[in-house]
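Report on one structure; see the data block that follows.
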Amino acid sequence: MVPREPVFTLVPIISGDGSFLVLNGRNWIMSYNHQEIEKKWQQYWNENETYKMTDDPSKPKFYALDMFPYPSGAGLHVGHPLGYIATDILSQFKRKQGYNVLHPMGWDAFGLPAEQYALDTGNDPAEFTAKNIATFKRQMNELGFSYDWSREINTTDPQYYKWTQWIFIQLYKRGLAYIDEVAVNWCPALGTVLANEEVIDGKSERGGHPVERRPMRQWVLRITEYADRLLEDLDDLDWPDSLKDMQRNWIGRSEGAQLTFSLDGSDQSFDVFTTRPDTIFGATYAVLAPEHKLVEKITTADQQEAVAAYLDKVKLKSDLERTDLAKEKTGVFTGSYAVNPASGEKMPIWIADYVLVSYGTGAIMAVPAHDERDYEFAKEFNLPIREVVAGGNVDEEAYTGDGKHVNSGFLDGLEKDEAITKSIEWLESAGKGEKKVTYRLRDWLFSRQRYWGEPIPIIHWEDGTMTPVDESELPLELPKTTNIRPSGTGESPLANIDEWVNVTDPETGMKGRRETNTMPQWAGSCWYYLRYIDPNNSETLIDPKLAERWLPVDIYVGGAEHAVLHLLYARFWHKVLYDIGVVQTKEPFQKLFNQGMILGEGNVKMSKSLGNVINPDDIVHSHGADTLRVYEMFMGPLDASKEWSTNGLDGARKFLDRIWRLFVNEDGTLGSKIGGEAGGALEKVYNQTVKKVTDDFEHMHNNTAISQLMVFINECYKADRVPTAYAEGFVLLLSPIAPHFAEELWSKLGHNGSITYVQWPEYDEDKLVDDTVEIAVQINGKVRAKIMVAKDITKEELEKEALANEEVRKWTDGKELKKVIAIPGRLVNIVAVD
RNA sequence: GCGGGUGUGGCGGAAUUGGCAGACGCGCUAGACUUAGGAUCUAGUGCCUUCGGGCGUGGGGGUUCAAGUCCCUUCACCCGCACCA
């Protein structure tokens with residue numbers, strides 16, 4: 001839906017100087033020419049390098065960061081700028097408050113869509129990406145963002161990914177990057193492996209293609225080694241609670257015990273993980289995941305057929321089916337038995353897909369009386385259920401609550417916590433188990449079999465060893481090629497480029513082959529916020545002195561979709577860089593904010609198929625960038641999802657026009673109401689406005705800041721004079737939101753140069769309240785009268801005034817006054833009964 | 001199922017520590033200027049009313065002089081995770 005063309009764009013410009021009159025029927029209405037003004041100031045900022053940040057250590061620093069975009073072919077849509085506008089407002093606000101503001105932008109430009117597009121069209125992904133970046137940058141500039149483009153970074157630039165590769169080598173050297181044979185999410189359509197997080201309901205996050213499990217040799221990063229630190233350090237971050245909880249759940253720390261079960265009649269054994277070692281006496285059977293290594297070995301001849309059939313069935317189930325049809329428990333008996341280390345009893349060993357191979361040890365002891373899943377399974381297959389914790393009715397359902405232990409030998413009579421401690425002590429002394437912490441978080445699958453990513457800087461030698469590429473040889477550049485088709489075998493297209501893949505050690509003459517896998521898209525975005533600080537350093541990733549001055553990021557704004565992927569990975573890398581002394585802060589992003597989504601009219605997602613996508617280019621053309629900025633901020637709280645409304649957009653433009661008509665006469669000169677000394681009718685509302693807007697910007701409550709600016713303008717219309725100081729202060733308050741418009745008004749007010757670094761206005765606390773204030777008087781909690789009293793009236797006087805009021809007496813006459821609560825500056829409440 | 005969040009006029013949304021519910025905007029109504037209005041300016045606009053007032057922040061209960069705000073309970077919707085032992 002294309003927004004209705006507002007009336008002010010339909011007509012010829014007849015007066016220069018920023019104003020223009022629009023012909024509406026037969027009347028001339030003054031409006032402002034956003035196209036001319038916005039272009040003029042964008043050019044000015046560019047020519048004067050207004051937003052170029054020169055580090056000035058004498059000033060306090062402020063680092064305002066946006067999540068940099070993937071430059072897709074579609075360009076920006078109106079949802080994108082929401083967060084960008086917010087950080088831009090904060091940056092402009094802080095500049096005026098005397099901060100040295102770092103506000104950069106860049107491009108997360110590696111990744112599947114460009115490669116997919118290149119495959120489909122035969123274009124070079126690099127060319128295609130460059131074109132998209134140019135579009136994004138034009139759009140951002142047209143929205144008036146105050147980015148310091150001299151710090152622009154691009155993850156596909158060899159001078160950038162040189163350092164991405166350098167970090168990989170450091171990870172490798174510290175044993176945090178390793179190759180493992182893992183069952184991976186192989187996506188045949190994309191020809192690559194995907195991380196768990198990139199698979200949604202058994203389909204690829206990008207493209208929605210089916211994904212299957214396949215064992216492969218892959219690079220993996222040992223993020224689990226940092227699990228505890230990633231968890232603990234969340235506590236001190238100023239992030240939304242929901243987001244912190246998502247990360248906590250994702251890491252999924254779980255304390256319990258690992259214990260060993262030996263096989264009956266065999267010297268083999270297997271380990272299980274449990275959070276309830278205290279229920280060991282209630283373990284009546286054991287379950288292995290279908291993919292468990294031991295399955296083949298322990299299946300007896302009798303059960304061979306049944307087990308094979310079950311394994312086939314499980315393999316055919318997609319991930320989606322395995323989780324979605326979850327309620328029904330399936331499984332098969334292996335024929336073998338394990339020995340319960342506590343009771344010495346024989347426990348049948350089953351295979352069931354409700355046990356996941358990737359969590360814990362891939363095997364469990366089943367305690368049906370006290371675990372819902374085991375209970376269901378036991379009911380399904382008629383396995384014994386033995387109560388070991390009193391308090392429930394195990395004939396009816398599993399009892400997971402606390403209670404005294406029964407049927408549990410040395411644990412009898414103990415409560416849950418004591419029993420857990422004691423059972424672990426016993427296991428350890430008996431050599432049958434130990435205390436253990438397990439995480440839901442898995443190591444990070446880091447290889448992609450794609451062309452369009454950072455080459456992993458490793459060489460595999462013919463003698464079977466591997467070494468990282470020497471750091472002096474970085475960047476290891478991605479070779480140009482015309483064939484970027486996946487090989488289909490699981491190797492990346494790089495494998496086909498002989499002159500790139502094959503290497504010979506110049507000293508020993510040993511032959512080797514380069515790693516052909518590339519890094520996932522997350523790699524480049526893991527550390528880009530560091531490079532902005534020192535973008536052109538060819539010696540090191542970042543100058544340690546600059547890192548110390550500028551970190552952590554003061555405000556990081558982006559979508560909630562990155563809650564667990566990007567943000568967890570970036571925190572992980574940052575901690576590694578902290579450990580090797582590159583940075584001095586434990587965490588990269590001290591404060592984080594998730595902006596909400598902008599939905600199409602009717603509260604539905606904007607999408608091409610619905611045809612309801614709003615293109616910011618259209619709005620910039622019809623209403624202007626300043627209007628778009630005002631509107632998006634005025635829609636509601638930054639973190640809420642909001643519905644796009646064309647009427648609301650028109651309202652934002654009307655507000656700007658209203659300001660224009662106040663500040664500028666029809667002939668383009670300064671508005672005739674503007675002038676004179678401070679004070680007068682607007683004094684109070686002006687000071688209130690400065691206070692509220694300052695406060696609101698600090699907390700990113702931009703919607704209420706705008707409403708206060710509207711209040712001020714409404715008051716100006718009622719006043720017959722707007723003092724110059726107030727007019728100037730107002731323009732400063734408005735300037736972070738509507739920068740072009742404010743610059744133009746600033747020059748109308750007689751100033752040369754940009755408003756960007758003009759000192760932020762101050763307010764006078766004494767002018768916020770009148771000498772006399774209105775106080776509401778309640779009788780029994782209902783407002784019955786309002787009285788005017790001196791602002792510094794005492795409690796006693798206030799009470800007296802209230803009781804003397806005629807209107808109040810109507811309600812209190814003939815009644816007994818039980819109590820009078822008088823709070824100066826607030827209200828009076830009289831409790832009266834008959 | 002678990003975790004987090006949200007429920008306020010016709011609509012988007014405001015409301016320090018509990019202290020005048022509905023700021024501001026949209027929409028709507030009336031008036032002014034007009035041959036004309038999708039412009040502009042002014043005024044009005046929570047609901048009901050016998051015009052005294054009564055009722056109102058998803059529902060029910062509670063604490064309090066006073067509750068959108070605190071407590072208990074319940075319903076609806078949104079987001080994330082989901083057989084994690």
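So that the names make sense, note that chain A is the first sequence line, chain B the second, and so on, each numbered from 1.
- Here G68(B) sits opposite no nucleotide as a Watson-Crick or G-U wobble pair (both hydrogen-bonding atom distances under 3.5 Å).
- Applying the salt bridge (charged side-chain N to carboxylate O under 4.0 Å, His left out) rule to pairs touching residues 629-641 of chain A yields Asp88(A)-Arg629(A), sequence neighbours excluded.
- His370(A) places its NE2 atom 15 Å from the C1' atom of A85(B), with the value rounded to the nearest Å.
- Each of Ala652(A) and Arg276(A) has a nearest nucleotide on RNA chain B; the 5'-most of these lies closest to Ala652(A).
- Residue contacts for Glu774(A): at a heavy-atom cut-off of 4.0 Å it reaches a base atom on one of the strands shown.
- Across every strand in view, G12(B) sits in a pair with C24(B) that passes the Watson-Crick or G-U test at under 3.5 angstrom.
- With sequence neighbours left out, Thr812(A) forms a side-chain hydrogen bond (donor to acceptor under 3.5 Å, both in side chains) with no residue at all.
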Between the protein and nucleotides 41-44 of chain B, are there any N/O to N/O pairs under 3.5 Å, and if so, what are the atom names and distances?
residue, atom, partner, partner atom, Å
C41(B), OP1, Arg658(A), NH1, 2.7
C41(B), OP1, Arg661(A), NH2, 3.4

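- With sequence neighbours excluded, the residues forming a side-chain hydrogen bond (donor to acceptor under 3.5 Å, both in side chains) with Asp245(A) are Arg248(A), listed by chain and number.
- For G9(B), the glycosidic angle deviates from 0 by 90° or less, giving a syn base.
- Taking syn as a glycosidic angle within 90° of 0, G52(B) qualifies as syn.
- At a threshold of 4.0 Å, the pair Lys691(A)-Asp695(A) does not count as salt-bridged, since none of the basic side-chain nitrogens sits closer than that to a carboxylate oxygen.
- Ring pair Phe377(A)/Tyr354(A) is tilted by interplanar angle, where 30° to 60° counts as tilted.
- Between Lys244(A) and G3(B), a side-chain N or O to OP1/OP2 separation shorter than 4.0 Å is absent.
- Applying the salt bridge (Lys or Arg N to Asp or Glu O under 4.0 Å) test to Lys692(A) and every residue at least two apart in sequence or in another chain returns Asp696(A).
- Between Lys718(A) and Glu715(A) there is a salt bridge, since a side-chain N of the basic residue sits under 4.0 Å from a carboxylate O of the acidic one.
- Of the candidates C83(B), U40(B), C81(B), the closest approach to any side-chain atom of Lys654(A) belongs to U40(B).
- A donor-acceptor pair shorter than 3.5 Å can be found between the side chains of Tyr310(A) and Thr330(A).
- Not counting sequence neighbours, the partners of Thr794(A) by the side-chain hydrogen bond (donor to acceptor under 3.5 Å, both in side chains) test are Glu797(A).
- In this structure, of A85(B), C20(B), C81(B), it is A85(B) that holds the atom nearest to the side chain of Thr274(A).
- Comparing Ala363(A) and Asn249(A) by the nucleotide of RNA chain B that holds the closest heavy atom to each, the one mapping nearer the 5' end is Asn249(A).
- The C1' atoms of U42(B) and U34(B) are separated by 16 Å, rounded to the nearest whole Å.
- Relative to the side chain of Arg440(A), the nucleotides A85(B), C81(B), C20(B) differ in distance, and C81(B) lies closest.
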Using nucleotides 51-58 of chain B, report all nitrogen or oxygen pairs with the protein that are shorter than 3.5 Å.
residue, atom, partner, partner atom, Å
G54(B), OP1, Arg784(A), NH2, 3.3
G54(B), OP2, Arg784(A), NH1, 3.2

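- When the nucleotides A85(B), G27(B), G19(B) are ranked by their closest atom to the side chain of Leu827(A), G19(B) comes out on top.
- Using the Watson-Crick or G-U wobble rule with both distances under 3.5 Å, U50(B) pairs with nothing in any strand shown.
- Look at Lys810(A) and Glu807(A) and you find a salt bridge, because one of the NZ, NE, NH1 or NH2 atoms lies within 4.0 Å of a carboxylate O, short of that distance.
- Between Phe730(A) and Phe712(A), the ring-plane angle classifies as parallel under the 30° and 60° cut-offs.
- Take Glu380(A) and apply the salt bridge (Lys or Arg N to Asp or Glu O under 4.0 Å) test, not counting sequence neighbours, and it matches no residue.
- Using Watson-Crick or G-U wobble geometry with both donor-acceptor distances under 3.5 Å, G1(B) finds its partner in C81(B).
- Residue Lys786(A) is classed as a base contact, given a heavy-atom separation below 4.0 Å to a base.
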Give each protein N/O atom lying under 3.5 Å from an N/O atom of nucleotides 12-16 of chain B, with the pair distance.
residue, atom, partner, partner atom, Å
G12(B), O2', Met635(A), O, 2.8
A14(B), OP1, Asn703(A), ND2, 3.1

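- Residues passing the salt bridge (Lys or Arg N to Asp or Glu O under 4.0 Å) test with Lys800(A), sequence neighbours excluded: none.
- Pairing for G31(B) is with C41(B), a Watson-Crick or G-U wobble pair whose two hydrogen-bonding atom distances lie under 3.5 Å.
- For Glu397(A), the salt bridge (Lys or Arg N to Asp or Glu O under 4.0 Å) criterion is met by no residue, not counting sequence neighbours.
- Salt-bridge annotation for Arg253(A) and Asp228(A): present, with a side-chain N of the basic residue lying under 4.0 Å from a carboxylate O of the acidic one.
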Got a list of protein N/O to nucleotides 65-69 of chain B N/O distances below 3.5 Å?
residue, atom, partner, partner atom, Å
C65(B), OP1, Lys819(A), NZ, 3.4
C65(B), O2', Asn829(A), ND2, 3.1
C65(B), O2, Asn829(A), ND2, 2.7

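- Side-chain proximity of Thr275(A) to the nucleotides C20(B), A85(B), C26(B) is greatest for A85(B).
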